[in-house]
There are 4 protein chains.
Amino acid sequence: MAGSMNKVIIIGRVGQDPKVSYTTSGQAVANFSVATDEGYRDRQTGQKVERTEWHRVVAWRQQAEFVANYIGKGRLVLVEGKLQTRKWQGQDGQDRYTTEIVADNIQGLDRMPDGQQPAQQGGYQQQGGGYQQNRPQQNRPPQNNNGYQQNNNGYPEDEDLGPAFPSEASGMDDVPF
Amino acid sequence: MAGSMNKVIIIGRVGQDPKVSYTTSGQAVANFSVATDEGYRDRQTGQKVERTEWHRVVAWRQQAEFVANYIGKGRLVLVEGKLQTRKWQGQDGQDRYTTEIVADNIQGLDRMPDGQQPAQQGGYQQQGGGYQQNRPQQNRPPQNNNGYQQNNNGYPEDEDLGPAFPSEASGMDDVPF
Amino acid sequence: MAGSMNKVIIIGRVGQDPKVSYTTSGQAVANFSVATDEGYRDRQTGQKVERTEWHRVVAWRQQAEFVANYIGKGRLVLVEGKLQTRKWQGQDGQDRYTTEIVADNIQGLDRMPDGQQPAQQGGYQQQGGGYQQNRPQQNRPPQNNNGYQQNNNGYPEDEDLGPAFPSEASGMDDVPF
Amino acid sequence: MAGSMNKVIIIGRVGQDPKVSYTTSGQAVANFSVATDEGYRDRQTGQKVERTEWHRVVAWRQQAEFVANYIGKGRLVLVEGKLQTRKWQGQDGQDRYTTEIVADNIQGLDRMPDGQQPAQQGGYQQQGGGYQQNRPQQNRPPQNNNGYQQNNNGYPEDEDLGPAFPSEASGMDDVPF
DNA sequence: TTTT
DNA sequence: TTTT
């Protein structure tokens, strides 16, 4: 713990609307991808090339709820966090590894598009209502999280038990995003 | 390229002596893993837990040669770079993805262990000799790099052609490190 | 040089249009300030407080020309660089110190306001013309830089000789921005 | 607060033993300087030059106590934090400005020198004893902090009232370190 | 696979 | 004022 640092800072565009779900213990989790671009000059041709790198981001609890309410496809975001590689089982039973940025600081850097304002959506600041989601793919209440495929999601028990993404798990074994 | 940042900074211990090889075009590449530690308090038990995260690092050219000469197993290092996910084929023919830190700044933060000084090893600063390797696992001269399994290594053509690690490639389909 | 890092990353709003000038050796230098905001909760009152921090940024050469063409008052910018404290003489003859971020990466994060497009301004990409400035406060051609008050600007000789800001120097002894 | 980042990461050597004191409200504050080195090639002579940059660091509360117990002159440290410029009055009554790194993460990167181990010193982990200091220059109990020169220290009220460094204050008006 |  |  001393003599140790694990820090990532990326700025880029969100690829798709984040997917938000809940662990069995009721913790919110948000997953999304961010594209960063890099321009460089090809050593053979001397041509300018643009290269896009995709990053998987995972956010927990308050950060996840912020993501659910304010971050959508196409937004320019700042993500600060740490790298974490988790292990999961492919359909063929073999181990796979996915590296993600576990975010501890997420900010939108551009104006929120119209129709995405928290007031219209019902944000998590609303009083008396608890947290309310309204984009379809986020609508997974904790009680629906019945726990099949437990411990197949790659998230360590200590991070928060329960299957994070039952439905994605099966579709994730070949494509990381 | 504008409105974009892709930055990683880690400090940790090197797990094994780096593996250094050459692309067919003669570029040096070094690969090694770095462990970062994180202490946190378990939410259920309230116990202090130590968690180790492993990071794959790849260094090119000058950085690779620095690594070959100065970085060995157990050293405390600073690595600054960018995230890059590359695609490769498992033995079953399926796509796999590995995320690495492509380093642009590597520094040793502790004293070099005895028997690892560049003077004893023949460093790359030596005059008249060019670059000389001497640890067994690094001893892969460019001319031996005959190019089978080309484009199976996951490194983009533009980064520098040629198979980076023919021998590791086959052993890599299940374990990322 | 080994075991050393000096890194700053800020994101914030530019306070005033950058001031661009030239050293006697013809190097472009840009100076501007960036505001970062921080929200925190007051420990006494429990109230939310917003606090603004101002940062001085200096950019050299290509970075300075980029700043001259694309960065103006009010823009949201990313600045990556290193900290540098320089010494200068106040009017009372006493030493003063100013800490700046010497930028090696500057990016605009929002859309450029209309009337600030490089095409209308004549950007530094223009062909056949070399570098051309057009905002009044930037218009200080190298040949006007006649060198009085040399070595009073606080910039080290090695960074590039010559007085960076003869005119500001005298006004700077009490206020850093 | 959104669209804002203020982040500094430095690695370097501590110049002198930190100075630790207490605000009138009993909060610990530690101050020390860190040297970072930078090697570069002089553009005129082509010679390699080493340049040292000094950074002022301030740490509060738990971080300050960690500093008091573990960080001494000559140690290699990692400091992560934010930039803050504070205003203070010189003896001539004029405003001066000092930029510091307000640390939120401090780590020692080398082995602690003998005679500096916390066990010999009595660390702040000791039970039943509260925090105990033992290096002379740190020995400034809160009750001695009688508050003269209040609001002359440049620390904002909200950070924690009271004179941070009564004794240094008078010596600080011309030299920042 | 490192280290404290 | 540090250190290699």
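Per chain, numbering begins at 1; letters A, B, ... match sequence-line order. Just so you know, these numbers use all the heavy atoms, side chains as well, and skip hydrogens, waters and symmetry mates.
- Across E:dT2, F:dT1, F:dT4, the shortest atom-to-atom separation from the side chain of D:Gln16 is found for F:dT1.
- Taking atom CE of residue D:Met112 and atom C1' of nucleotide F:dT3, one finds them 18 Å apart after rounding to whole Å.
- Nearest nucleotide to the side chain of B:Lys73, out of E:dT4, E:dT2, F:dT1: E:dT2.
- Of the candidate nucleotides E:dT1, F:dT4, E:dT4, E:dT1 has the atom nearest to the side chain of B:Ser33.
- When the nearest nucleotides of DNA chain F are assigned to B:Arg111 and D:Val34 by heavy-atom distance, the more 5′-ward of the two goes with D:Val34.
- Atom CZ in D:Arg51 sits about 21 Å away from atom P in F:dT4, given to the nearest Å.
- For D:Asp37 and F:dT2, the CG to P distance is 12 Å, given to the nearest whole Å.
- Remark: C:Asp104 engages no residue in a salt bridge (Lys or Arg N to Asp or Glu O under 4.0 Å) (not counting sequence neighbours).
- A straight line from NZ of A:Lys87 to C1' of E:dT1 spans 14 Å, rounded to a whole angstrom.
- If you take CD of B:Glu53 and P of E:dT2, they are 16 Å apart, rounded to a whole angstrom.
- Atom-to-atom, CG of B:Asp110 to C1' of F:dT3 comes out at 15 Å; the value is rounded to the nearest Å.
- Taking the charged nitrogens against the carboxylate oxygens, B:Asp110 and B:Arg13 do have a contact shorter than 4.0 Å, which makes a salt bridge.
- Taking only distance into account, the side chain of D:Thr52 never meets the base of F:dT3 through a donor-acceptor pair shorter than 3.5 Å.
- For the pair B:Lys19 NZ and E:dT2 P, the computed distance is 13 Å after rounding to whole Å.
- The distance from atom CH2 of B:Trp54 to atom C1' of E:dT3 is 9 Å, rounded to the nearest whole Å.
- Salt-bridge check for B:Lys87 with B:Asp95: passed, with a basic side-chain N closer than 4.0 Å to an acidic carboxylate O.
- Checked against side-chain contact (heavy atoms from CB on, under 4.5 Å), D:Glu53 has the following partners two or more places apart in sequence or in another chain: C:Asn6, C:Gln84, C:Thr85, D:Thr36, D:Arg51, D:His55.
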